[in-house]
Trainee: 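Mind looking over this structure? Questions follow.
First the proteins, then the strands, lettered A, B, ... as listed; each starts at 1. Keep in mind that this is a model prediction, so the values were computed, not measured.
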2 protein chains.
Amino acid sequence: MIDELDGRLIELFTAEPRIGVLEASRRLKVARGTVQARLDRLARDGVIAGFGPEIDAAALGYAVTAFVTLQLRQAGGHDPVAARLAQVPEVIEAHTITGPGDMLCRIVARSNTDLQRVIDVIVDVAGVERASSVISLATQIPYRTLPLVRAASNRS
Amino acid sequence: MIDELDGRLIELFTAEPRIGVLEASRRLKVARGTVQARLDRLARDGVIAGFGPEIDAAALGYAVTAFVTLQLRQAGGHDPVAARLAQVPEVIEAHTITGPGDMLCRIVARSNTDLQRVIDVIVDVAGVERASSVISLATQIPYRTLPLVRAASNRS
DNA sequence: TGAAAAGCTGGACAATTTGTACAGTGGGCC
DNA sequence: GGCCCACTGTACAAATTGTCCAGCTTTTCA
């Protein structure tokens, strides 16, 4: 799927995103065209989804993160509910899941008080039967994919 | 915290990350120096955490995502467990949480069979008492922050 | 076994962008 | 009124990008 050079390339750009193709080729000691081709291929294959800016919700004032498990009314299915949840800015992510719950959402809020408001909004969404939430107290491992890249490109 | 121009800037770079400062200034109809200064400030304030490549775990072959709630042994605390979990590449994210569970992890695996293996690895981590997992069947709302940016920069 | 295909190298070129600086202008604040 | 700050518009050298090419090596496949 990806080889060792791809792995080094991704690691390099993760560590120093602004270096550019030329500098990357120097660091990796390969021709510029190679870096360019690899990058194009990784992007085409969807391995690299994009280079967008990573926004820190906390820095925007959304200091509280919580995970909400939703139980939905049987009728209507998941998609309409998801569409309505998508209207709520504080819903950062949503998955349908196995198990007793039907949906798991990641939400953010400005404070614990604000979290109450956000949860109320969610519970008010048509199709949502009940919601149970847990608050993230600390992020022990921030979202990461580098270990996967290393594993997939096999080198320790 | 961030104003309307910051919001437009972030949106633009999210939509087309590769355009560069000069093109961005043309699109936003402001001077290049302004874009540069804004970007610097946003990065300095931590609002923009970085411009690293976004890696798609699924494209790397990790097609299955699951959320695992861990109960920990009381003794020892969270941090040592988190440190050990960090050794497992498939643990993509981990939070300490309120409620009956102690920790919530996002994990990925190559298949449902592989998921079993990953969960076994996690349960084997010293300090982990038990783990209960739910599988993500579909991503209804992919991780996003743009609505927050819009909300924070207040414009619809 | 032999030939085609694919990937990498190293180099070249024009066009564009970046980094950086500076003077001028307008609004907000004390 | 006066100061500070952000933005504008401009300038210039240096660096990077996009694109192409010829030659070489390795892999693939009939």
Side-chain angles (χ1 to χ4, degrees), chain A residues 1-56 59-61 145-146 148-156, chain B residues 1-56 58-61 146 148-156:
Chain A
M1 189 132 277
I2 68 171
D3 67 10
E4 190 258 341
L5 179 57
D6 289 323
R8 296 223 313 275
L9 192 54
I10 291 172
E11 276 187 69
L12 179 56
F13 272 107
T14 302
E16 298 173 66
R18 310 257 66 170
I19 56 175
V21 173
L22 182 58
E23 176 63 16
S25 73
R26 282 194 284 254
R27 303 274 187 94
L28 298 177
K29 301 195 191 309
V30 296
R32 177 163 67 110
T34 303
V35 172
Q36 221 134 25
R38 294 293 185 121
L39 239 33
D40 287 351
R41 180 171 56 72
L42 289 171
R44 182 173 47 72
D45 293 353
V47 175
I48 295 182
F51 274 89
E54 289 145 31
I55 306 302
D56 181 357
L60 278 180
T145 44
L146 233 41
L148 286 185
V149 172
R150 273 191 265 260
S153 67
N154 69 71
R155 299 167 310 115
S156 146
Chain B
M1 187 131 277
I2 67 173
D3 67 10
E4 191 258 341
L5 179 56
D6 290 323
R8 295 223 313 276
L9 192 55
I10 291 172
E11 276 188 69
L12 179 55
F13 272 108
T14 302
E16 298 173 66
R18 311 256 67 170
I19 55 175
V21 173
L22 183 58
E23 176 63 16
S25 73
R26 282 194 284 255
R27 302 275 187 93
L28 298 176
K29 301 195 192 307
V30 297
R32 177 163 67 109
T34 304
V35 172
Q36 221 134 24
R38 294 293 186 121
L39 239 32
D40 287 350
R41 180 172 56 72
L42 289 170
R44 183 174 46 72
D45 293 353
V47 175
I48 295 182
F51 273 90
E54 290 144 31
I55 306 302
D56 181 356
L60 279 180
L146 233 40
L148 286 186
V149 172
R150 274 190 264 261
S153 67
N154 68 71
R155 302 167 308 117
S156 146

Trainee: With the side chain of A/L22 defined as its heavy atoms from C-beta on, choose the nearest nucleotide among C/dA12, C/dG10, D/dT16.
Mentor: D/dT16
Trainee: Is there side-chain contact between B/D40 and B/R44, with heavy atoms separated by less than 4.5 Å?
Mentor: no
Trainee: With the side chain of B/V30 defined as its heavy atoms from C-beta on, choose the nearest nucleotide among D/dT8, D/dT17, C/dT20.
Mentor: D/dT8
Trainee: Answer yes or no: does a side-chain N or O of A/T34 lie under 4.0 Å from OP1 or OP2 of C/dT9?
Mentor: yes
Trainee: Check every atom of C/dG19, D/dT8, D/dA6 against the side chain of B/R38 and return the nucleotide holding the closest atom.
Mentor: D/dA6
Trainee: Please check the phosphate of C/dG11 (OP1 and OP2 only) for any side-chain N or O of A/R32 closer than 4.0 Å.
Mentor: no
Trainee: Whole angstrom is fine here: how far is it from CG in A/D40 over to C1' in C/dA6?
Mentor: 16 Å
Trainee: How is B/R18 classified with respect to the nucleic acid when contacts are heavy atoms under 4.0 Å: base, sugar-phosphate, or nothing?
Mentor: nothing
Trainee: How far apart are the closest heavy atoms of B/G20 and B/F13, and which atoms are they?
Mentor: O-CZ, 4.0 Å
Trainee: Using a 4.0 Å heavy-atom cut-off, does B/R26 contact any base of the nucleic acid, only the sugar-phosphate backbone, or nothing at all?
Mentor: sugar-phosphate
Trainee: Give the nucleotide from the list D/dC7, C/dT20, C/dT9 with an atom nearest to the side chain of B/Q36.
Mentor: C/dT20
Trainee: Can you check whether A/I48 reaches A/R38 side chain to side chain, under 4.5 Å on heavy atoms?
Mentor: no
Trainee: Can you tell me the distance, in whole Å, between the CG atom of B/L39 and the C1' atom of C/dT20?
Mentor: 16 Å
Trainee: What's the shortest heavy-atom distance between A/R32 and A/S25, and which atoms?
Mentor: CA-CB, 3.6 Å
Trainee: Please give, in whole Å, the distance from D/dT8 C1' to B/L28 CG?
Mentor: 15 Å
Trainee: For B/R44 and D/dA6, give me the distance from atom CZ to atom C1', rounded to whole Å.
Mentor: 13 Å
Trainee: Rounding to a whole Å, what distance do you find between B/I19:CD1 and D/dG18:P?
Mentor: 14 Å
Trainee: Quick one: label A/E23 by what it contacts on the DNA or RNA (base, sugar-phosphate, nothing), any heavy atom closer than 4.0 Å.
Mentor: nothing
Trainee: Roughly, in whole Å, what's the span from CZ in B/F51 to C1' in C/dT18?
Mentor: 15 Å
Trainee: Indicate yes or no: does A/E11 engage A/R8 in a salt bridge with an N to O separation below 4.0 Å.
Mentor: no
